[in-house]
**Q** 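Sharing a structure below in structure tokens format, with a few things to ask.
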Amino acid sequence: MTHEAVISVQNLMKTFGSFHAVNDISFDVYRGEIFGFLGANGAGKTTAMKMLTGLWKPTSGKATVAGCDVFTQAESVKRSIGYMSQRFSLYADLTVKENIELFGGIYGLSTRHIREKRIELLSRLALTDSEHELISALPLGWKQKLAFSVAMLHDPQIVFLDEPTGGVDPITRRQFWDLIYEAADLGKTIFVTTHYMDEAEYCDRISMMVDGKITALGTPDDLKKQFLAKDMDEVFIKVARHTQPIGQ
Ligand SMILES: Nc1ncnc2c1ncn2[C@@H]1O[C@H](COP(=O)(O)OP(=O)(O)OP(=O)(O)O)[C@@H](O)[C@H]1O
């Protein structure tokens with residue numbers, strides 16, 4: 001991890017009528033960092049992520065992602081990032097190979113480049129024998145690993161993961177996180193939302209949102225100390241109940 005900010009957010013707001021779904025958030029994320037974006041249901045994570053991925057225009061504030069302004073360069077933001085969500089990732093009725101070719105095409109890669117990427121990716125994931133299987137036939141854990149690799153096909157600097165491991169068992173989740181670590185070691189920045197507190201422990205830093213605001217931000221160890229908590233579960237519960245950090 002370096003101290004070069006690749007995501008920079010200042011006083012970002014998203015308002016629906018008079019309701020502030022994202023209310024004046026500010027933070028930086030550094031190159032090669034694994035940044036956990038946590039919060040209870042309805043806290044504003046998805047809204048913030050939609051603004052940072054160039055899908056929704058913020059109401060006010062400032063944000064740059066991979067050097068692009070989310071207000072004025074939303075299309076460049078989309079080209080510079082990878083995105084994977086549990087809800088939308090691969091096409092279930094296409095084969096593994098077809099999905100890779102489809103997304104490679106969407107990302108603008110040449111046929112030769114897609115082929116090279118496909119061979120390398122399937123070999124790395126030990127999926128070469130499954131390339132003609134339909135996505136719907138793969139176990140969930142494999143789908144998610146494949147979806148992550150497909151989100152990185154175009155070699156983006158930053159990848160946004162929206163609850164990427166929902167519904168899979170702890171061992172498969174751990175394997176998924178090995179892929180995340182490999183990507184971070186290569187200098188990729190990972191911005192990840194999760195509801196699993198064991199995964200929060202794997203992040204370099206974590207922010208926690210409550211009612212549209214970031215109410216805690218730091219390394220897992222910092223937050224445990226700050227909130228006198230034995231683990232991230234306890235930190236989360238204290239933050240979500242608006243408990244003030246000790247000494248404030
Ligand atoms: N288009 C919209 N119009 C009005 N309110 C919205 C809209 N989108 C989101 N909201 C509201 O903004 C708040 C934040 O929602 P958001 O989906 O960002 O939360 P979240 O932290 O991602 O929750 P979850 O963990 O359940 O996905 C919620 O109260 C939601 O109802």
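Atoms within each ligand, like the ligands themselves, are counted from 1 in listed order. Just so we're clear, the structure is a prediction, and the values are computed from it rather than from any experiment. The figures that follow rest on heavy atoms only: side chains count, while hydrogens, waters and symmetry mates do not.
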**Q** At a heavy-atom distance under 4.0 Å, which protein residues reach ligand 1? Sort them by chain and number, would you?
**A** F16, F19, A21, A40, N41, G42, A43, G44, K45, T46, T47, W56, H195

**Q** Given a cutoff of under 4.5 Å between side-chain heavy atoms of I, L, V, M, F, W and Y, with clusters grown through shared members, what are the other residues clustered with L140?
**A** V168

**Q** Tell me whether D221 is salt-bridged to K225, with the criterion being a basic N under 4.0 Å from an acidic carboxylate O.
**A** no

**Q** Check F103, Y181, F176 against F148 for a ring-ring contact (aromatic ring centres under 6.0 Å, His included) and give me the one that passes.
**A** F176

**Q** So, do F160 and F191 have ring centers that fall under 6.0 Å from each other?
**A** yes

**Q** Side chains of residues 34-52: which donor-acceptor partners sit under 3.5 Å, not counting sequence neighbours?
**A**
residue	atom	partner	partner atom	Å
K45	NZ	G39	O	2.9
K45	NZ	A40	O	3.0

**Q** Name all pairs fulfilling the ring-ring contact (aromatic ring centres under 6.0 Å, His included) condition that reach into residues 51-70, sequence neighbours left out, sorted by first residue then second.
**A** F16-W56

